[in-house]
Engineer: 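The following block contains the structure, expressed as structure tokens.
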Amino acid sequence: MQNTSDSSNTMPISVTMLGGLSLHIGSEVLSDDINRSHKLWSVLCYLIVNRNREVSQSEFIDLFWMDENRANPVNALKTLLYRVRSMLEPYFGSAINPILSRRGTYAWNPAIVCDVDIDHFEVLCRKSQDATLENQLRMELYQEAIDLYRGDFLPKLSNHMWVISKNTYYHGLYIDTIKSYAALLEEAKRYDEMYDLCNHAQRFETLDEGLHIMMIRALLHQGKDAAALSHYEIATELLYRNLGVRPSEELRDLYTDIMKMERNLEMDLEVIQADLHGVASRPGAFVCEYGFFKEAYRLEARRVVRNGMSVHIALITVTLPNAEAAPLNVLNVTMEQLMEILVGSLRRGDVIARYSAAQYVIMLPAANFENSTMVMDRIVDTFYKQHRRNFLKLSYKIRELDLD
């Protein structure tokens, strides 16, 4: 390597990469708030992250110039590294070169010791997973790791492939740490802390079902059934709208648990009747969660056995005209429009639930196959008349309630 300097002339620098880049060099701070090119910051960070090895020219070119039509990417790399050195020189002086070069490779000068947050974060996460440690010590380690996680890895460089890969890793490590910590808090019956921990994590991750499950469990442990139900509805809607997926069996089981929770003792039957009357007087079909729909299905099956009445189940599906899955942004709007028509077109005794991101399941009591077909045809026709510009395809299937 060229331009190696004595370590006695340098001091350790503190580097933060989670939530944004900053280098604390003595009393000075260098951060990516300075208006420099993203590629310049990315090369600097790549050298620091890989400071224990030499990085070849070809590796840099593959990372930063693979998709660019440059006649001479080697010269472009040298120019960029010169700019990086020039940016760092006011902080280190001309006596020490932070970036060393030798035979087509580059490396961070080992004389400049870097204390990097991602290294501490990873060590704390791994150490806290040691099941041989006391739970209290593990929770302290978890908390230290969580305090270090201020956000995504180098968020301003999130379009660089190597950053995307690293961010996925550290983000996953953070979520795993949150869940493990929450499990210990649940075991210790510290339910309010368990909820606050998962709620804090949702600043960085709103679509992890496991976090929502932990939050709902924490609320149920505290007897906050209404809040648990509200969060369940929020979580399932997020999963439908953003990922297009159904809630897992574990999350749906929580819904069943919420519904089984005992209400406060009420001795006045008139109070209960008034509460039920408000539900019964609502116009249109009954809309419920799929877990409740299954209970209603069981009830109707028993009635069919007893009185022999006809009940049919319909499944209506929204797709692209070629039957492929529709983009979520278009699908979500269509599903809302379709729900309005379903509620307005069906009877008060009919039951609707969302089965998947693109499907509603409908129970039609006291309706034979011909009547059920007429109802579903009318719903599809009404949709197309009201939303003529919607290019998605609605299709349905009808089956008689299965008694087996």
Side-chain angles (χ1 to χ4, degrees), residues 14-19 49-53 113-154 162-224 227-228 231-232 235-236 238-239 243 245 247-258 260-261:
S14 177
V15 183
T16 297
M17 293 186 176
L18 294 171
V49 169
N50 295 279
R51 62 193 178 279
N52 295 321
R53 68 180 182 91
V113 178
C114 293
D115 186 52
V116 187
D117 62 341
I118 55 174
D119 296 336
H120 292 294
F121 174 71
E122 186 171 12
V123 168
L124 286 167
C125 289
R126 298 303 178 198
K127 189 174 181 181
S128 58
Q129 294 288 351
D130 186 352
T132 64
L133 299 176
E134 293 289 334
N135 281 354
Q136 184 57 42
L137 176 56
R138 291 180 66 193
M139 287 192 279
E140 291 171 4
L141 293 169
Y142 281 134
Q143 189 61 58
E144 284 187 60
I146 290 164
D147 290 342
L148 279 176
Y149 193 89
R150 302 176 184 90
D152 286 346
F153 176 74
L154 300 175
W162 78 272
V163 173
I164 294 172
S165 174
K166 287 283 186 181
N167 181 57
T168 300
Y169 171 71
Y170 292 119
H171 184 80
L173 199 56
Y174 170 74
I175 296 301
D176 289 344
T177 297
I178 290 287
K179 292 176 183 176
S180 298
Y181 188 10
L184 288 183
L185 290 171
E186 184 175 25
E187 185 180 331
K189 296 181 170 55
R190 292 158 60 176
Y191 305 126
D192 54 342
E193 294 176 60
M194 175 186 175
Y195 177 85
D196 290 341
L197 174 70
C198 296
N199 191 43
H200 171 83
Q202 294 219 320
R203 294 190 306 161
F204 309 118
E205 177 57 75
T206 60
L207 299 177
D208 187 282
E209 190 185 65
L211 289 180
H212 290 293
I213 288 172
M214 288 285 192
M215 292 177 75
I216 294 169
R217 289 219 306 254
L219 290 168
L220 288 175
H221 283 311
Q222 297 176 78
K224 299 178 179 179
H231 193 86
Y232 174 88
T236 53
L238 279 170
L239 294 172
L243 301 178
V245 297
S248 68
E249 193 69 33
E250 184 179 4
L251 185 53
R252 283 185 277 122
D253 285 346
L254 278 177
Y255 177 85
T256 304
D257 292 341
I258 296 169
K260 288 178 180 177
M261 292 295 172

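All heavy atoms count here, side chains included; hydrogens, waters and symmetry mates do not. Computed from a predicted model, the values in this text were never measured in an experiment.
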Engineer: Please identify each residue that fulfils ring-ring contact (aromatic ring centres under 6.0 Å, His included) with Y195, with sequence neighbours left out.
Structural biologist: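 Checked Y195 against ring-ring contact (aromatic ring centres under 6.0 Å, His included); zero matches.
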Engineer: Minimum heavy-atom separation for L148 and D117, please, with both atom names.
Structural biologist: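 That would be CD1-O, 4.2 Å.
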Engineer: Got a second to check how far I118's CD1 is from L18's CG, nearest 0.5 Å?
Structural biologist: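 Rounded to the nearest 0.5 Å, the CD1-CG separation comes out at 7.0 Å.
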Engineer: Please lay out, stage by stage, how V49 and W162 fare under the test side chain to side chain contact (heavy atoms under 4.5 Å, CB included).
Structural biologist: CA-CA 11 Å; V49 169; W162 78 272; 4.1 Å; yes
Engineer: Run the side chain to side chain contact (heavy atoms under 4.5 Å, CB included) check on T236 and H212 step by step: do they pass?
Structural biologist: CA-CA 9 Å; T236 53; H212 290 293; over 6 Å; no
Engineer: Side chains of L251 and I216, heavy atoms from C-beta outward: is any pair under 4.5 Å?
Structural biologist: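 In short, these two side chains touch, coming nearer than 4.5 Å.
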Engineer: Roughly how far apart are L124 CG and Q143 CD, rounded to 0.5 Å?
Structural biologist: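 Spacing of CG (L124) from CD (Q143) equals 11.0 Å.
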Engineer: Is a side-chain donor or acceptor of H171 paired with a backbone partner of K166 at a separation under 3.5 angstrom?
Structural biologist: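 It does not hold such a pair.
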Engineer: When rounded to the nearest 0.5 angstrom, what is the spacing between CG in L238 and CG in D208?
Structural biologist: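 Spacing of CG (L238) from CG (D208) equals 12.0 Å.
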Engineer: Going from CD1 on I213 to NE2 on H231, what distance comes out if it is rounded to the nearest 0.5 angstrom?
Structural biologist: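 Reported to 0.5 Å precision, the distance equals 10.0 Å.
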Engineer: Where do A182 and M214 come nearest, in terms of heavy atoms and distance?
Structural biologist: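 Minimum heavy-atom separation between A182 and M214: CB-SD, 4.0 Å.
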Engineer: Please give me the minimum heavy-atom distance between S128 and C125, naming the atom from each residue.
Structural biologist: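 Taking S128 first and C125 second, the nearest heavy atoms are OG-O, 2.8 Å.
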Engineer: Would you call L173 and Y149 a side-chain contact if the rule is heavy atoms closer than 4.5 Å?
Structural biologist: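 Counting from C-beta outward, L173 and Y149 never come under 4.5 Å.
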Engineer: So, does N50 use its side chain to make a donor-acceptor pair with the main chain of R53 at under 3.5 Å?
Structural biologist: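 Such a contact is absent between N50 side chain and R53 backbone.
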Engineer: When you check the gap from the basic side-chain N to the acidic O, do D257 and R217 get nearer than 4.0 Å?
Structural biologist: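 No salt bridge links D257 with R217.
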Engineer: Ignoring hydrogens, what is the shortest heavy-atom contact between M215 and C198? Give both atom names and the distance.
Structural biologist: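 The pair with the smallest heavy-atom distance is CG-CB, 3.3 Å.
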Engineer: To the closest 0.5 Å, what do you measure between CE (M194) and CG (N199)?
Structural biologist: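 One gets 12.5 Å once the value is rounded to the nearest 0.5 Å.
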Engineer: With a 6.0 Å cut-off (strictly less than), is the heavy-atom count around CD of Q222, excluding the residue itself, greater than 12?
Structural biologist: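 Counting other residues, nucleotides and ligands, CD of Q222 exceeds 12 neighbours.
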Engineer: Could you tell me which non-hydrogen atom of Y232 sits nearest to which non-hydrogen atom of I258, and how far apart they are?
Structural biologist: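 For Y232 and I258, the tightest heavy-atom pair comes out as CB-CD1, 4.4 Å.
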Engineer: What is the distance from atom CG of N135 to atom CG of L184, rounded to the nearest 0.5 Å?
Structural biologist: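 Between atom CG of N135 and atom CG of L184 there are 5.0 Å.
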Engineer: How far apart are the closest heavy atoms of L185 and M139, and which atoms are they?
Structural biologist: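 In this case the closest contact between L185 and M139 is CD2-SD, 3.7 Å.
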Engineer: For a ring-ring contact (aromatic ring centres under 6.0 Å, His included) with F153, tell me which candidate from F204, F121, Y170 qualifies.
Structural biologist: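 So the option named by the test is Y170.
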Engineer: Run V15 and D115 through side chain to side chain contact (heavy atoms under 4.5 Å, CB included) and show every step you take.
Structural biologist: CA-CA 6 Å; V15 183; D115 186 52; over 6 Å; no
Engineer: Tell me whether N167 contacts the main-chain N or O of D152 through its side chain, where contact means a donor paired with an acceptor under 3.5 Å.
Structural biologist: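 It does not hold such a pair.
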Engineer: Take a 6.0 Å sphere around CD of E134 and say whether it holds more than 12 heavy atoms from other residues, nucleotides or ligands.
Structural biologist: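 Open.
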Engineer: Step through the shown structure and confirm whether more than 12 heavy atoms of other residues, nucleotides or ligands are within 6.0 Å of NZ on K179.
Structural biologist: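 Yes, because the 6.0 Å sphere around NZ of K179 holds more than 12 heavy atoms from other groups.
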Engineer: Hey, does the side chain of S180 reach the backbone of T177 with a donor-acceptor pair shorter than 3.5 angstrom?
Structural biologist: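 Absent.
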Engineer: Is there a donor-acceptor contact under 3.5 Å from the side chain of R252 to the main chain of P247?
Structural biologist: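 Present.
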Engineer: Just by modelled atom types, is the L133 backbone N or O under 3.5 Å from a matching donor or acceptor in the R138 side chain?
Structural biologist: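 Not a single qualifying donor-acceptor pair exists.
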Engineer: Side chains of H120 and E144: any donor to acceptor distance under 3.5 Å?
Structural biologist: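 Absent: no donor and acceptor within the cut-off.
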Engineer: Do side-chain atoms of E209 reach the backbone of S248 as a donor and acceptor pair under 3.5 angstrom?
Structural biologist: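 Checked: pair present.
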Engineer: Side chains of Y169 and E122: is there a donor and an acceptor less than 3.5 Å apart?
Structural biologist: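 Result is yes, a qualifying pair exists.
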